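Worksheet: one structure, shown below.
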Amino acid sequence: MTGNELRKSFIEFFKSKEHKHFESASLIPDDKTLLLTVAGMVPFKSFFLGEKKAPYSRITTYQKCIRTNDLENVGVTPRHHTFFEMLGNFSFGDYFKRESIKWSWEYITEVLKLDPNRLYVSVYLTDDEAYDIWTKEVGVPEDHMVRLGDDDNWWSAGPIGSCGPCSEIYYDTQIMGENNEEINSKPGDEGNRFLEIWNLVFTEWNRLEDGSLVPLPEKNIDTGAGLERIASVVQNKVNNFETDLFTPIIENIKKILDIKEEKISVSVKIIADHLRASTFLICDGVLPSNEGRGYILKKLIRRAYGAGAVENRDIFDNSLTFLHEIVDAVIENMKEAYPELEQKREYIKNIIKSEEDKFSRTLKSGTEILFEEIEKCKKENKTKLSSEVSFKLYDTYGFPFEFTKLIVENNQMEVSEEEFNIKLEEQVKRSQDSRVKNSDMIKDEFVDKFYKENGKTLFTGYDTLNDYGKVLHFKDLENGLYEVIFDRTPFYAEGGGQVADRGVIKLDDKIVAEVKDVAKKSDVFIHYISGDKLELNKEYTLEVNKKIRNDIKKNHTATHLLHKALREILGTTVEQAGSLVNEEGLRFDFSYYEQVSPEQVEKIENRVNELILENLPVFINYENINDAISKGAMALFSDKYGDVVRVVDISGVSLELCGGIHVSSTGEIGLFKIKSEQGKASGVRRIEAITGYKSLEYVHSLEKDINDISNKFKTSPANLLPAINKFREEVKVQENTIKDLQRRLVKFEINVLTNEAIEINGVKVLVKSFKDKDVNELKDLVDRAKDILKSCVILFGSNNEKAVFVSGVTKDLTSKYHAGNIVKNAATIADGNGGGRPDFAQAGGKDGSKVKEALEKTLEFIKGI
């Protein structure tokens, strides 16, 4: 069976067992405690924890996942991956051990037709129930059963909370270690003989703070089977990279890199794995950056690029890019299961190409350092590069160790991988020690308990700005704020980029408190108020500030129109990358890897205003998520697994899943005005805009500024531009006059300066500091000094708040004195760096106050040469 056939067969099998099939959720989880979707159960976490009611009691899925905790093992072992897929079937208060055990065995032996004699099963030490089902009802021989402890066969949400025993199915690969030492091994032991292919988690207990276990009100099932592992067994491959999930991609890599060897190298495996992960991350909205998910993506792309450079030296020597060419093979191999890849093909390729381009330039900085260190080792007759250097290259410049090793060995030297790994382990340990270790499943115990006792807060704010609410919870936060939960509320809680409503709480028509903020956790609305204390179980009037709400909803609907205009004018590769909507205006971040021209900004603004002036009606519908997506609705802030979603339809012009507040027709928005468009991060642009009265105020402010400027130029607004152009021409004449005077001054100045040259070891040396001279002035002084002194070494520095250094060495002295080394020495003292040619170099430093000190110490450096 192929990988695609395996996915289909799994889903069809469990659909026959009355499971509802859900498509894979995004790699960006809704759960804010998780960076990425790391397991098949992550999208269902709130159901397992009882925070939300599952829409179906039986669910099946194949889920894309990413883990990077074992990055260094990818390509080295047969099974490690960053991107992988989990096949899963789940029960929420429905079937339990008997059905899940029997169905897993039925699928493995009757659908996949794996040999039962090569299957082994583990259960928890004391789980006699599971053991008896396996042996007495399924018929697994007792010599194919093993009992394992907490480390292997017990799952828990954390120190307290949901937990339960596990049962795992292993496949005997019959692969023995050296001298057949694994011949008598059993599942759970070290070695490659027994491959875990299926894990069944029986969530049936709640661990209390005293460590005792009490039964959960509802027992749940969470099972997972790794697609890559299943494929390796079904396709009779000893390595996951030899399955059809990888082979088309690997063949494309070998073709593009011109690799002739039959054997799949570690580097090729790294490229295949990391490029799959990068392709899916970008498709789900992640962009390369220096933090969070973006940093993970950036690191994966750069490791893949480095691996390619190891395979083909031309990539390094000529700064070639190649990864984006392999994306097509990834998409062709995966698009049947994930059709969204096809829709974003060019977008994904462009982002990877852009990151490759940047990294190839970054490598040049790193390689300069590496070659400098190699030359230093050679001068000192050393044949080994230190681990400090190899690790710095990896940690600071993103060099894969294999890349450093390649260059070092090409220079007839060596570098220790073992020492590098020790440095790497030390860094990992420091990182682990510096952060608080919490289970990703630990939840807010109070909210969980409140939800179970009271259910969700009824939100009425879509239909009214005033409502009555009974106080169910009240807490003094001791900072002038109180925390309140009502049974119902018209106050919108912050979410989907829209800020929370503000307003007042009344009792008998008298204001008793102000609502400052509202947050939502597990469908419970938590109000943060100031004012009087509220009484439990008492009913109050909740009143949303109408003006603030109206301004917010104008801006929110405008973001939908802006998104539409961006995709029309810049192309459908534009994806939303974040937003903020409040009463002051809107901020919209979007993925785009080019500059946006002023003409394009004007077109975008005009298009949004066209749609506003058409006064298009805005319809709010509730639809099945699959129906909404099939109509082309963009899923931006929706619950990925909600069966019914809220759809905001601006008359067919814009269709998005959104829980926010909107106007009833676009004409209510008024004037839409873009205040700024700029880059926010690599591949991400940001537009800030205003609507309604704010935009009118902005226009009035601009008019006032124009009038004030016109008065200063003693002209009218109509003639302001010609007046400014005339002024600029006058300034240019004055600037040229100043430059001419400066040149004359330099001629006078240089005659005085050259008299200050001293003689060191028979060589004229001139070192001098200045105040507020730019680098061009210093260069001019260096050139003129060299002309007058004929044979000399020169170093000038200037304190311009930051430090500027320029050094010159006449040609007859460059065999001994190197301007680049001289200027680098000075810059380092002033917290900077730099370098250049032997005869001329410049550098800068962060601390201008250290210029004199840097020159004095560099003079001593010159004396020592």
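All of these numbers come straight from a predicted model, not from anything done at the bench.
Expressed to the nearest 0.5 Å, how far CD of Glu417 lies from CD of Glu419 amounts to 11.5 Å.
The list of salt bridge (Lys or Arg N to Asp or Glu O under 4.0 Å) pairs with a residue in residues 829-838, not counting sequence neighbours, reads Asp831-Lys850, Arg837-Asp839. Screening residues 826-865 for ring pair (Phe, Tyr, Trp, His ring centres under 6.0 Å) gives no qualifying pairs among residues at least two apart or on separate chains. Pairs passing the salt bridge (Lys or Arg N to Asp or Glu O under 4.0 Å) check and including a residue from residues 231-246, sequence neighbours excluded, do not occur.
Side-chain atoms of Tyr124 and Asp152 form no donor-acceptor pair, as typed in the model, at a separation below 3.5 Å. Between the side chains of Gln63 and Ser24, at least one donor N or O lies within less than 3.5 Å of an accepting N or O. With hydrogens and angles left out, the side-chain atoms of Glu85 and Tyr338 include a donor and acceptor closer than 3.5 Å. Side-chain atoms of Tyr305 and Thr321 form no donor-acceptor pair, as typed in the model, at a separation below 3.5 Å. Glu356 and His324 are linked by a side-chain donor-acceptor pair at a separation below 3.5 angstrom, with hydrogens and angles left out of the test.
A salt bridge links Asp357 with Lys353; the closest basic N to acidic carboxylate O contact falls under 4.0 Å. The residues Glu228 and Arg276 are annotated as salt-bridged, a charged nitrogen and a carboxylate oxygen being separated by less than 4.0 angstrom. We find that Glu380 and Lys382 are joined by a salt bridge, their nearest charged nitrogen and carboxylate oxygen being less than 4.0 Å apart.
Under the side-chain contact (heavy atoms from CB on, under 4.5 Å) rule, Val767 has a single partner from Leu855, Ile794, Thr858, which is Leu855.
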